[in-house]
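Structure record follows, encoded as structure tokens.
Since we're looking at a predicted model, the values are computed, not measured. Each chain gets a letter, A, B and so on, in the order its sequence line appears, and its residues count up from 1.
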Number of protein chains: 2
Amino acid sequence: MKSQNQTPSTDTLKDRTHERLQELILTGDLVPGSKLLETQVAARLDVSRATLREAMIRLSEIGLLVNLPFRGTYIRKLDRVDLQEIYSFRTGLEKMAFQFGWDKRDLISLADLQMRNERLCQTISDNDAFGAIMAELHLHDWCYELSGHSLLLQSWERLKPNLQFYFAMHQKAHDRAGPLRESHDEYIRLAKGDNLDEMLRHLEDHMQQGLQNTQSFLDTTSPG
Amino acid sequence: MKSQNQTPSTDTLKDRTHERLQELILTGDLVPGSKLLETQVAARLDVSRATLREAMIRLSEIGLLVNLPFRGTYIRKLDRVDLQEIYSFRTGLEKMAFQFGWDKRDLISLADLQMRNERLCQTISDNDAFGAIMAELHLHDWCYELSGHSLLLQSWERLKPNLQFYFAMHQKAHDRAGPLRESHDEYIRLAKGDNLDEMLRHLEDHMQQGLQNTQSFLDTTSPG
DNA sequence: TGCGATTTGTCCGTATGTATT
DNA sequence: TAATACATACGGACAAATCGC
């Protein structure tokens, strides 16, 4: 008996547990650096320890959790170097995505891109910071889907939770956050254009700007 | 302070099981497309089902196994499209690696590269096909280590077993295989030089050549 | 189509080993 | 050093889903 609908997630408890635990991390409900006690978390999520452990393995693979053998599993802590790595890697991935997908663009996919951007602008106008973060990521999903490259898409899907995680931390620290209103205008314009090299060059700037927009608050946090 | 032994693998049975199972796949001991019966494999590896399941999750993440909920876990089958994806993604990753690591090269690391190439040439001379495959991958490890980029290195470490897997299949089908004697001469020369763009351009050719060198036999195999 | 056999998903109790106090 | 807390690992159990006839 399952009145399960909205999310087409697989219907194994392990997978739902994976998603729920990721939620708890991404919303900042679980504090970075803190230890996860298996019995405690299992009880909280109302699953067995075996099921929880299977869910945690995948979160460790992604990088949201860190497992130290015989010592425990901890919520990932992000420092400035980690964030720089995430952004530089993301830049490389997205350049690949545009290279693979460039010739696959058509009217339909470009209209789709346009829609995603409008949704982003809408959430920003609404002062919906969390929604804006999700909308921005969804905007960037576009090029990966366009590429039709499953390994590339997988890699992006693995990286994305780390970005969300950082944004959540950022937003929790200073409550203003999120992308700026016009930050994607040039991005969209170039993505619709016919100059791939210019698009690729812009990506470097775009990402660098995104990094610096969010990175700053780490400097004010206690080191270590 | 613990006296370190040969294998720096972690001490947990789950991890050793992961490695042993990967061995069985990479050596072709387990046939691509075949189903893994948990009780049977667990008995063969002399571990509990729970431990085996935890090990299998990570192999599913890498892509060597495919898990279908309630239906079972299967050994990955690679078709021509998969192989093309692996190679195109690998090309992108390695270009990133050289970009990140280019300015970090010094006499020591270049001597290290030289050594890896000489070892590769040696194994080829010895007609040690399996050793040559490992030596070639180790040669390519160089740029990822040089980059000092943990996400990039991780990504490569995830991709590498898929390459090994394919090489193993290839070698099992036709027993001649492995890299050619001079295939890396230009690669090494450019990696030692001072023209990054030329290096990046060569990578495309190098990978394309590697792909076509191995891809051919898939055409002679039954489709599906 | 249906039914029995098989296998996976999940839970629990428990024992062992490791880290920490 | 001893004691405690916890992760690791096992084996058995059962329901639910799938598979084969």
* Are B:E61 and B:R158 ion-paired here, with the side-chain N under 4.0 Å from a carboxylate O? -> no
* What residues, two or more places apart in sequence or in another chain, satisfy side chain to side chain contact (heavy atoms under 4.5 Å, CB included) together with A:R71? -> A:L68
* side chain to side chain contact (heavy atoms under 4.5 Å, CB included) involving B:Q84 - partner list, sequence neighbours excluded -> B:R80, B:L211, B:Q215
* Asked: A:L13 CG to D:dA17 P: how many Å, rounded?
  -> 13 Å
* To do: Calculate the interatomic distance between B:L68 atom CG and C:dT7 atom P; express it in whole Å.
  => 16 Å
* salt bridge (Lys or Arg N to Asp or Glu O under 4.0 Å) pairs, two or more places apart, involving residues 101-115 of chain A ->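 For residues 101-115 of chain A, and leaving out neighbouring residues, the salt bridge (Lys or Arg N to Asp or Glu O under 4.0 Å) pairs sorted by first residue read A:D112-A:R116.
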Got a sec, which residues hit ring-ring contact (aromatic ring centres under 6.0 Å, His included) with [X], two or more places apart in sequence or on another chain?
X      : answer
B:H206 : B:H140, B:H184, B:Y187, B:H202
A:Y74  : none
B:Y144 : B:W156

* Not counting sequence neighbours, which residues clear salt bridge (Lys or Arg N to Asp or Glu O under 4.0 Å) with A:D29? List them please. =>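 Here the qualifying residues are A:R44.
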* Who passes salt bridge (Lys or Arg N to Asp or Glu O under 4.0 Å) against A:E157, sequence neighbours left out? -> A:K160
* Asked: Where the side chain of A:K14 is concerned, which of D:dT8, C:dT10, C:dG9 is the nearest nucleotide?
  -> C:dT10
* With a 4.0 Å heavy-atom cut-off, tell me which residues in residues 38-66 of chain A come close to DNA chain D, sorted by residue number. =>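 Residues of residues 38-66 of chain A that come under 4.0 Å of DNA chain D are, in numerical order, A:E38, A:R49, A:R53.
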* Partner set under side chain to side chain donor-acceptor pair (under 3.5 Å) for B:T73, not counting sequence neighbours -> B:N67
Considering only nitrogen or oxygen atoms on both sides, find all protein atoms under 3.5 Å from nucleotides 2-4 of chain D and state each distance.
none

Polar atom pairs (N or O), protein with nucleotides 18-21 of chain D, under 3.5 Å:
residue : atom : partner : partner atom : Å
D:dC19  : OP1  : B:R71   : NE           : 3.0
D:dC19  : OP1  : B:R71   : NH2          : 2.8

